[in-house]
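Below: one structure, written as structure tokens.
Residue numbers begin at 1 in each chain, while the letters A, B, ... track the order of the sequences. Worth saying up front: this structure is predicted, and the values here are computed from it rather than measured.
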There are 2 protein chains.
Amino acid sequence: MSERNGTNEEGSVKSRLVRAAVKLFVSRGYAATSVREIVEEAGVTKPVLYYHFQSKEGIYLHVMEAAFSKMGAIVETDMAQGGSPRARLGRLADDLFALFETRVNEARLWYAIYYGPPQGAPFFDFDSNHKKVVDAVRRLLEEGIAAGEFAPGNLDDLTWIYLGVFNMAMELRLIGGHPELGDADYKRMLELVMDGFARGVGSRR
Amino acid sequence: MSERNGTNEEGSVKSRLVRAAVKLFVSRGYAATSVREIVEEAGVTKPVLYYHFQSKEGIYLHVMEAAFSKMGAIVETDMAQGGSPRARLGRLADDLFALFETRVNEARLWYAIYYGPPQGAPFFDFDSNHKKVVDAVRRLLEEGIAAGEFAPGNLDDLTWIYLGVFNMAMELRLIGGHPELGDADYKRMLELVMDGFARGVGSRR
DNA sequence: GTCTATACAATGATAGAC
DNA sequence: GTCTATCATTGTATAGAC
């Protein structure tokens, strides 16, 4: 039963290569990581990497896709669930932040490539995934206004304010030196923002 | 008068090298940029770079310091000015955003190195500059509360919410695909946030 | 200060044996 | 599937002439 599942088995050469690539791309960046370092970390030789993936670009794309598919799955799952819009907004933030917490290191690579220079890395479509999250937040805010949980206001402004605070919480975890900022703190900040939305801060003219 | 000012003259070899390095570090990243590309872009040969700067790291540090010194200067200037705390907070955001607008490309490099893997680039002290901005915002919020412009609240929460929205505005400019987000939009969002602070959203218990 | 020419290690990738 | 051995190219950096 060596082919029981579609993905890699625990200690297989392929999965060891992926783990090594993640570790090195994350700690050094794409361009600064060499194929030699990856295969040494994985305890194999170069041709093994070129056999399983076709190139350095190939293993990079494999790593990125594996990490991002989870995010899309969370959004879809959460949007299919019930509850009040405000409660669902909080749950979505919780689940996304929990995923982020388990992959803080990968997230450093996402940020570097998404906001920064491409580093010579092949194109990866962040935007379609990012858009899923933005659309979900906007829709929940819209439903919250319709349900009377939030006061009417410019939907774009509310969306970006909410995501701005959420994003800030992630970035504070990303950089060192902010160890005291935990789950409770970011949750409290998001509740403050939603309190503001409920009281009609978004309805400024 | 070839040595009239302390910095580089307009078309000097040194300044041409700096401009070329900025352009390439910004568009490709530090690790993915080669010394050969820099000198070709500047129209000189390799030894010229090694003569003026000592290494690839040397010209990188020169580039980073030049850009960041401006940010510290803005914070210090704005903090020395008068006006109500809320008005000063708005002015600080304006001035920092204006600097950011003139250097969107450099900002991409800052984000990549600050939040992402080091790319093999030498250490650069972002945090002391970043801390200046954070401290300024926190102090203005504190003064605003003392003056009765803002309702009392958790100062850390207010600071990060404000900076989160400010930061989101910058990041939306950083990535393509959000062309419609201009000065007026981000200013309106920050005013909404300060409205919330004024009405006491931060005083949740 | 700027050039030509080059040293020399490391890079991504492959051929061919097993 | 995995190895040894090696390719051509590019990388940072320098010696030495002008």
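Nearest to the side-chain atoms of B:V44 among the listed nucleotides C:dT2, D:dT2, C:dC3 stands C:dC3.
Applying the salt bridge (charged side-chain N to carboxylate O under 4.0 Å, His left out) test to residues at least two apart or on different chains, the pairs with a partner in residues 98-121 of chain A are A:E101-A:R173, A:R103-A:E106. Residue pairs meeting the salt bridge (charged side-chain N to carboxylate O under 4.0 Å, His left out) criterion with at least one member in residues 45-61 of chain A: none, sequence neighbours excluded.
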I'd like to compare against my own output: the B/S/- annotation of nucleotides 11-18 of chain C with a strict under-4.0 Å heavy-atom distance to protein.
SBBBB---
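For B:D94, the salt bridge (Lys or Arg N to Asp or Glu O under 4.0 Å) partners at least two apart in sequence or on another chain are B:K187. Under the side-chain hydrogen bond (donor to acceptor under 3.5 Å, both in side chains) criterion, A:D135 pairs with A:K131, not counting sequence neighbours.
Rounded to whole Å, atom C1' of D:dT2 lies 15 Å from atom NZ of A:K14. Atom pair A:L49:CG and D:dG1:P shows a separation of 15 Å (rounding to whole Å applied).
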Sequence neighbours excluded and cut-off under 3.5 Å, please list the side-chain donor-acceptor pairs for residues 111-118 of chain A, or say none.
from, atom 1, to, atom 2, distance (Å)
A:Y111, OH, A:N167, OD1, 2.7
A:Y114, OH, A:D127, OD1, 2.9
A:Y115, OH, B:E171, OE1, 2.8

